[in-house]
Amino acid sequence: MHPKVTPDIIDTYNDVGVTQVPGAMTQDWVAAMTTVIDGALSTLRTDASQFGPKKMIPDIQYEDQDGYVRMVNLYQRLPEMRDLVENSDCAQIVADVIGSDTMQPWTDGTFLKEGKDEATATPWHNDECLFPLRGHHAPSMWVALTDVDLSNAPLQTLAGSNKDPHRYVSSWALDGVEAPSNFHPWDELLARVHAPSADIRVWEVCAGDMLIIHPKTIHASLPRTAGQSGRRIGFSLRWIGSDIRYEYNPTSKKSPFQDSPDIREGEPLPEQIIPVTWRRNTQNTAA
Ligand SMILES: O=C(O)CCC(=O)C(=O)O
């Protein structure tokens with residue numbers, strides 16, 4: 001077991017669907033990742049054609065308005081970002097918390113918030129609704145690259161939503177498709193988080209802390225209300241672990257994998273498409 005992963009950390013993940021690993025990443029790692037992200041943002045703000053060719057993962061998505069910056073799918077395009085992740089022990093930390101034997105990094109989101117505007121809040125959602133995956137080992141590893149106090153857009157989560165037996169039809173789902181019978185309406189998700197009895201947890205963290213979020217866990221962020229200058233950055237990497245199988249999701253606009261003939265319903269995601277970057281063995285089990 002990784003020394004930063006304690007039984008309490010694992011129990012919290014299983015109970016409420018999110019857990020905090022304090023000081024998971026070093027301050028040097030935080031500084032280096034921030035430099036990579038600032039470089040990507042500057043490229044997107046000036047000349048996005050400088051990014052290299054895209055791979056299996058869909059193209060970069062970029063939103064930048066009212067102090068809310070969201071960049072998706074940088075990881076497969078930025079070797080410096082991949083190096084920072086793959087030369088750290090973050091995969092083992094996540095694997096030990098979720099109980100996975102292999103780890104495949106697949107897609108990512110960077111959430112940068114500046115200024116003070118209601119629009120800096122991230123809306124309520126869960127991550128699995130558009131995933132073409134079945135299983136529990138598809139968490140988000142959200143790393144704080146700045147301190148995140150109550151005024152700096154902390155994440156909030158609905159405790160226990162990780163245990164939902166059903167899924168939701170995302171507000172971004174394809175129009176006019178018939179969702180499978182275990183998908184519930186998005187309004188139901190919103191009603192749950194706004195109910196007076198909702199068990200909402202708010203996660204104030206320090207730069208370098210990691211939150212591991214179960215794919216079913218319903219979450220959002222508060223808006224940035226800090227009057228001072230500065231910003232809040234969260235880097236979120238989605239992992240695929242050993243219990244995950246491909247499952248076509250008809251509500252998803254485009255599965256990142258559906259064009260590949262090597263992807264098969266009910267089977268693990270092939271390593272030649274999404275490489276395994278960490279594998280449990282006797283050496284790291286004993287660490
Ligand atoms: O950092 C944020 O504001 C949102 C993060 C998030 O929703 C995610 O990683 O799924």
Side-chain angles (χ1 to χ4, degrees), residues 13 16-21 24-25 30 33-34 37 40-41 57 60-75 81 85 90 94 97-98 105-131 133 137-159 161-162 167-168 170-172 186 189-190 193 200-226 230-240 252 256:
Y13 182 75
V16 303
V18 56
T19 198
Q20 178 176 0
V21 185
M25 311 312 285
V30 166
M33 186 57 98
T34 304
I37 285 169
L41 181 56
I57 297 297
I60 293 170
Q61 294 168 29
Y62 169 52
E63 267 178 71
D64 189 353
Q65 58 184 4
D66 301 323
Y68 178 93
V69 180
R70 175 175 160 272
M71 295 177 278
V72 174
N73 294 327
L74 294 177
Y75 183 83
M81 186 176 263
V85 167
C90 62
V94 179
V97 169
I98 67 173
W106 65 301
T107 181
D108 57 287
T110 298
F111 299 84
L112 188 154
K113 293 152 194 232
E114 299 168 313
K116 180 184 175 187
D117 193 301
E118 277 298 312
T120 58
T122 299
W124 286 105
H125 65 286
N126 72 6
D127 291 335
E128 78 158 10
C129 46
L130 290 172
F131 285 180
L133 305 174
H137 291 163
S140 289
M141 172 191 90
W142 186 96
V143 180
L145 301 181
T146 56
D147 290 345
V148 179
D149 65 14
L150 261 191
S151 67
N152 210 14
L155 290 189
Q156 43 178 350
T157 60
L158 179 65
S161 47
N162 53 309
R167 297 177 67 150
Y168 286 99
S170 166
S171 55
W172 290 353
W186 196 247
L189 179 152
L190 296 178
V193 295
I200 306 291
R201 311 283 169 102
V202 178
W203 300 85
E204 291 187 72
V205 294
C206 295
D209 289 0
M210 179 192 288
L211 295 177
I212 302 171
I213 306 168
H214 187 280
K216 282 185 174 294
T217 301
I218 296 170
H219 60 282
S221 93
L222 290 167
R224 187 167 191 275
T225 55
R231 57 194 186 157
R232 177 280 221 184
I233 313 176
F235 168 69
S236 190
L237 182 61
R238 281 63 160 126
W239 292 94
I240 290 176
S252 190

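Ligands are counted one by one from 1 in listed order, and the atoms in each one are counted from 1 as well.
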Show the atoms of ligand 1 that are less than 4.0 angstrom away from any heavy atom in [X].
X	value
S221	3 (O)
D127	10 (O)
R238	8 (C), 9 (O), 10 (O)

* Asked: Would you say the side chains of N162 and T217 form a donor-acceptor pair under 3.5 Å?
  -> no
* Asked: Is a donor on one side and an acceptor on the other found under 3.5 Å between the side chain of H125 and the backbone of S170?
  ->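 Here the side-chain-to-backbone pair does not exist.
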* Exam field: side chain D147 to backbone A207, donor-acceptor pair closer than 3.5 Å -> yes
* Asked: What do the steps show when you test W203 against I213 for side-chain contact (heavy atoms from CB on, under 4.5 Å), and what is the final call?
  -> CA-CA 12 Å; W203 300 85; I213 306 168; over 6 Å; no
* Asked: Counting heavy atoms only, which of Q156, H125, R232 is nearest atom 2 (C) of ligand 1?
  ->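 Ranked by closest heavy atom to atom 2 (C) of ligand 1, first place is R232.
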* Asked: Can I213 be said to touch ligand 1, with heavy atoms closer than 4.0 Å?
  ->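 Contact check I213 vs ligand 1: negative.
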* Asked: Measuring from the heavy atoms of G234, does anything fall under 4.0 Å of ligand 1?
  ->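 No; G234 lies far enough from ligand 1 that no heavy-atom distance drops under 4.0 Å.
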* Asked: Side chains of Q156 and R201: does their closest heavy-atom pair fall under 4.5 Å?
  ->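 SC-SC contact between Q156 and R201 ruled out.
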* Does the gap between the ring centers of F131 and W106 come in under 6.0 Å? -> yes
* Please work out which of the three classes, parallel, tilted or perpendicular, describes the rings of Y68 and F111, given edges at 30° and 60°. => perpendicular
* Report yes if T122 has an N/O atom closer than 3.5 Å to an N/O atom of ligand 1; otherwise report no. => yes
* atom 6 (C) of ligand 1 [closest protein heavy-atom partner, distance rounded to 0.1 Å] ->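 Of every protein heavy atom, H219 NE2, 3.6 Å lies nearest to atom 6 (C) of ligand 1.
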* Which heavy atom of the protein is the closest neighbour of atom 9 (O) of ligand 1, given with residue, atom name and distance? -> S236 OG, 2.8 Å
